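See below for the structure under consideration.
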Amino acid sequence: MSVATASLSPILPRSAYLFPPLSLPPISMATSNRNELTIVSFGEMLIDFVPTVAGVSLAEAPAFVKAPGGAPANVSIAVSRLGGRSAFVGKLGDDDFGRMLAAVLRDNGVSVAGIRFDGVTRTALSFVTLRADGEREFMFYRHPSADMLLSPAELDLELIRGASIFHFGSISLIAEPCRSAHLTAMQEAKKAGALLSYDPNLRLALWPSAEEAKSQMMSIWDQANIVKISDTELEFLTGKSLVEDDVVMSLWRPAMKLLVVTLGKDGCKYYTKNFRGTIDTIKVKPVDATGAGDAFVGAMLWGISKDLSTLEDEKKLKLVLRFANACGAIATTKKGAIPAMPSEAEVLDLLKKA
């Protein structure tokens, strides 16, 4: 049996059979290049409730728009929306929201083989307040939620071992048993030869303390090959407010091949062992920044997975990051995360206009 055929055969509880796996052609390891395989994202998926009016508090919001979200799931859909092959590994509640989220993944071309359902706890919810500048504040309902209860025994190891890039955040490190599942999945992906991609995605409201957040975020830092952080996360981890090269490079580790700092409307900075630089963003009128970083990451990983030499070729990397900047920019022009993920045609059109 080929790796791809095995990875797309889910073992799920009764509710999961409402969502059969995608019918994708098998890929043989003997005849296919590894970088044609799946980008696998691990972690949380939830429902974001976004106010219909910007610049108000949650209590003042007259109504909310329901939108699927969760950074790792967003990345999976961002990859698929661009034409890549992606999979999501995580746990959802065996409830209406959980079944809806599984359907969203499937309908967007993401493999659902790695999804498990919990019959006791609910799917996580997040209420997202939009400030007038399009930035967000969060209130989570997750005490606990199903994503926190994924155990190592529930992992689809064949799917994980078939990844060309294994992507994850830090939220799945907050509580057991999901933390152990996260570490196990990382180890299996690494042993199988996957690149490890890490976007810490700091959400302080979910952690017991800022100290615990920093400690756990850094606990896996040495293992990542590709790291994307925001300027806010850089300040949190280093204590320095300026995005200067020496500050960024204090976070560099031997296993890293690429470290990217996103700067919002100012684009991003990139660092490798041999070169570094800045990529300007594409100017748009922002509506909602939710999912913009995930759109950026999905596009970046999609570009890298198509040609792994991108990590060692500055010209290629600059093209990939400019494309990723455009993806993130487009995502800010719509409300919600997953609904805002652009297609390749949309990105190329924006770049052409720019």
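None of these values were measured; they are calculated from a predicted model.
Of the possible polar contacts, one joining the Asp95 side chain to the Phe97 backbone as a donor-acceptor pair under 3.5 Å is found. Although no hydrogens or angles enter the test, the distance criterion places a donor-acceptor pair under 3.5 Å between the side chain of Ser86 and the main chain of Ser76. Side-chain atoms of Asp294 never come within 3.5 Å of backbone atoms of Val75 as a donor-acceptor pair (strictly under, hydrogens ignored). Looking only at distances, a side-chain donor or acceptor of Ser219 sits under 3.5 Å from a matching main-chain atom of Gln216. Remark: the backbone N or O of Gly90 is not paired with any side-chain donor or acceptor of Glu44 at under 3.5 angstrom. Panel note: side chain Ser111, backbone Ala113; a donor-acceptor pair is recorded below 3.5 Å. With hydrogens and angles ignored, the 3.5 Å screen pairs no side-chain donor or acceptor of Glu212 with any backbone N or O of Ser209. When atom types are taken as modelled, the side chain of Ser170 and the backbone of Pro200 share a donor-acceptor pair closer than 3.5 angstrom.
Legend: residues meeting side chain to side chain donor-acceptor pair (under 3.5 Å) with Lys283, ordered by chain and number and at least two apart, are absent. With sequence neighbours left out, the side chain to side chain donor-acceptor pair (under 3.5 Å) criterion links Asp222 to Arg253. For Glu154, the side chain to side chain donor-acceptor pair (under 3.5 Å) partners at least two apart in sequence or on another chain are Lys91, Ser151. In this structure, Lys214 has no salt bridge (charged side-chain N to carboxylate O under 4.0 Å, His left out) partners at least two apart in sequence or on a different chain.
A salt bridge is absent between Asp48 and Lys66: the closest approach of a Lys/Arg side-chain nitrogen to an acidic carboxylate oxygen does not fall below 4.0 angstrom. The residues Arg142 and Asp147 are annotated as salt-bridged, a charged nitrogen and a carboxylate oxygen being separated by less than 4.0 angstrom.
Applying the salt bridge (Lys or Arg N to Asp or Glu O under 4.0 Å) rule to pairs touching residues 183-201 yields Arg161-Glu188, Glu188-Lys191, Asp199-Lys228, sequence neighbours excluded. Identified under the side-chain hydrogen bond (donor to acceptor under 3.5 Å, both in side chains) test for residues 319-334, with sequence neighbours left out: Lys334-Glu346.
Aromatic ring pairs are classed by plane angle as parallel below 30°, tilted from 30° to 60° and perpendicular above 60°; the pair Phe64 and Phe49 is perpendicular.
For Arg122, the CZ atom is loosely surrounded, since the number of other residues' heavy atoms within 6.0 Å does not exceed 12. Other residues, nucleotides and ligands contribute over 12 non-hydrogen atoms within 6.0 Å of the NZ atom of Lys316.
For Tyr198 and Phe168, the ring centers sit closer than 6.0 Å to each other.
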Side chain to side chain contact (heavy atoms under 4.5 Å, CB included) evaluation trace for Leu149 with Val120: CA-CA 10 Å; Leu149 300 180; Val120 178; over 6 Å; no
Walk me through it: do Asn225 and Ile165 pass the test side chain to side chain contact (heavy atoms under 4.5 Å, CB included)? CA-CA 10 Å; Asn225 307 121; Ile165 298 176; over 6 Å; no
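Leu46 and Leu206 are assigned to two separate hydrophobic clusters, defined by single-linkage of ILVMFWY side chains at heavy-atom distances under 4.5 Å. A chain of hydrophobic side-chain contacts below 4.5 Å, direct or via other Ile, Leu, Val, Met, Phe, Trp or Tyr residues, connects Tyr141 to Ile47.
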